[in-house]
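One structure, pasted below without further comment.
Model, not experiment: these values are computed from the prediction. Just the heavy atoms: all of them, side chains too, but no hydrogens, waters or symmetry mates, feed the values below.
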Amino acid sequence: MRSLRIRQRRTTMSALNPPSPRLRIALLALAALIVAPDTATLAVAGELPAIAARQRAEKKSFTDGEIVEGFLKTAFGAEYHLAGRVDRIRKFDGPVRVFADGDRADRKAQLAKVVADIGKRVQHLDIAMIDSSEAANLRVKLVRDRDLFRTISSFYGAEKAREIRTSLDPQCLSGFRKNDNFEIEHSDVILTVDNGDFVFLDCAYEELLQSLGPINDTTSVPWTMFNDNVSMGYFDVYDQYILNLLYDPRIKAGMTVQEVRALLPEVLVDVRAWVKRVNDLAE
């Protein structure tokens with residue numbers, strides 16, 4: 001059973017939900033840039049101007065209701081699913097090992113920092129980069145923009161790739177395969193490497209996080225990167241709440257909305273304490 005999410009190519013700054021595809025906000029670079037490794041470090045540290053500005057303006061205080069709403073709207077459902085039910089919790093039930101497949105060392109360095117940042121901020125998620133494709137259960141394919149359609153075809157077949165390109169003109173995408181217990185067995189992420197630092201980091205954070213389970217997008221929650229009208233480029237506090245709720249051991253793959261609702265008040269107390277500590281949030 002496979003679920004898939006796709007980000008459309010964006011032509012202004014801020015993946016698949018037919019029949020009304022939605023534009024997201026981001027200014028595409030006009031040419032491919034070769035980024036030095038020290039620039040990659042600065043970018044993930046939030047020192048790109050576009051990212052730093054978003055961090056300064058970020059909302060960090062939320063009610064329980066606001067957090068629960070975003071969690072339920074992203075952890076259940078799917079923008080686009082190829083098979084299987086989408087009304088249950090989906091998550092990895094074990095370590096997540098990420099392999100980067102591509103020839104851009106700078107992008108691999110940025111991706112490794114994104115993965116490390118996610119691992120630092122999600123308490124019960126064991127996620128790390130790995131050098132072996134065979135041992136990985138989350139594979140990130142790094143491609144040139146001109147090779148994106150061919151790569152999508154190799155992953156999902158020519159017919160589905162044509163449908164995706166015709167409807168949405170995607171910029172990056174992710175998907176996962178789950179078993180009958182709704183445990184994610186394998187995720188794939190496809191990222192383009194030649195559309196600039198901000199677009200790469202924005203795509204990398206969103207697609208990696210969604211490949212861990214919260215694959216549904218929503219336009220009704222203004223604080224999440226899983227909103228087609230929002231771009232971040234970093235792991236914001238609101239989405240840390242969502243991922244920490246999902247990966248709390250009490251929230252199990254296969255749970256229904258009703259089962260999760262019963263546990264959320266208890267789980268949220270512990271998640272709030274963790275997110276506050278890891279982000280050094282004020283009372």
Checklist entry - Does a side chain donor of either Thr192 or Asn195 reach within less than 3.5 Å of an acceptor in the other side chain? => result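 Side chains of Thr192 and Asn195: pair found under 3.5 Å.
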Checklist entry - Can you find a side-chain donor-acceptor pair between Asp239 and Tyr205 that sits under 3.5 Å? => result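 Per modelled atom types, Asp239 and Tyr205 side chains form no pair under 3.5 Å.
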Checklist entry - Got a salt bridge between Glu69 and Lys73, using NZ or NE/NH1/NH2 to carboxylate O under 4.0 Å? => result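 Judged by the 4.0 Å cut-off on N to carboxylate O distance, Glu69 and Lys73 do form a salt bridge.
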Next on the checklist: Please enumerate all residues that pass side-chain hydrogen bond (donor to acceptor under 3.5 Å, both in side chains) together with Asp270, with sequence neighbours excluded.
Outcome noted: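 side-chain hydrogen bond (donor to acceptor under 3.5 Å, both in side chains) check on Asp270 returns Arg250.
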Checklist entry - Backbone N or O of Val275 within a donor-acceptor pair of the Asn279 side chain at under 3.5 Å? => result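 Yes, because the side chain of Asn279 sits within donor-acceptor range (under 3.5 Å) of the backbone of Val275.
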Checklist entry - Which residue pairs pass the ring-ring contact (aromatic ring centres under 6.0 Å, His included) test when at least one of the two sits in residues 238-280, sequence neighbours left out? => result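 Of all non-adjacent pairs touching residues 238-280, those that pass ring-ring contact (aromatic ring centres under 6.0 Å, His included) are Phe62-Tyr238, Trp223-Tyr238.
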Next on the checklist: So that I can tick it off, tell me whether Asp126 and Arg97 are bridged by a salt bridge, with the cut-off set at under 4.0 angstrom between side-chain N and carboxylate O.
Outcome noted: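 Here Arg97 pairs with Asp126 in a salt bridge, since their nearest N and O are under 4.0 Å apart.
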Item to check | Worked verdict on Asp103 versus Lys108 for salt bridge (charged side-chain N to carboxylate O under 4.0 Å, His left out) | outcome: CA-CA 8 Å; Asp103 58 6; Lys108 287 183 177 181; over 6 Å; no
Checklist entry - Are Arg107 and Gln110 linked by a side-chain donor-acceptor pair shorter than 3.5 Å? => result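 Their side chains do contain a donor-acceptor pair, which is all the 3.5 Å distance test asks for.
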Item to check | Side-chain donor or acceptor of Asp188 paired with backbone N/O of Gly175 under 3.5 Å | outcome: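 No: the side chain of Asp188 does not pair with the backbone of Gly175.
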Next on the checklist: Applying side-chain hydrogen bond (donor to acceptor under 3.5 Å, both in side chains), can you list everything that pairs with Asp236, at least two apart in sequence or on another chain?
Outcome noted: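 None.
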Checklist entry - Does the side chain of Glu183 come under 3.5 Å of the side chain of Asn179 through a donor N or O and an acceptor N or O? => result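 Result is yes, a qualifying pair exists.
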Checklist entry - Would you call Arg121-Asp117 a salt bridge at under 4.0 Å N-O? => result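 The answer is yes: the pair qualifies as a salt bridge.
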Item to check | Short N-O contact, Asp64 and Arg272, less than 4.0 angstrom | outcome: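 Arg272 and Asp64: salt-bridged.
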Item to check | Asp101/Arg139 salt bridge by N-O under 4.0 Å criterion | outcome: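 Salt bridge flag = yes for Asp101 with Arg139.
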Next on the checklist: Checking side-chain contact (heavy atoms from CB on, under 4.5 Å) between Leu268 and each of Leu263, Asp248, Val68, which is the one that passes?
Outcome noted: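 Looking at Leu263, Asp248, Val68, the match for Leu268 under the side-chain contact (heavy atoms from CB on, under 4.5 Å) is Val68.
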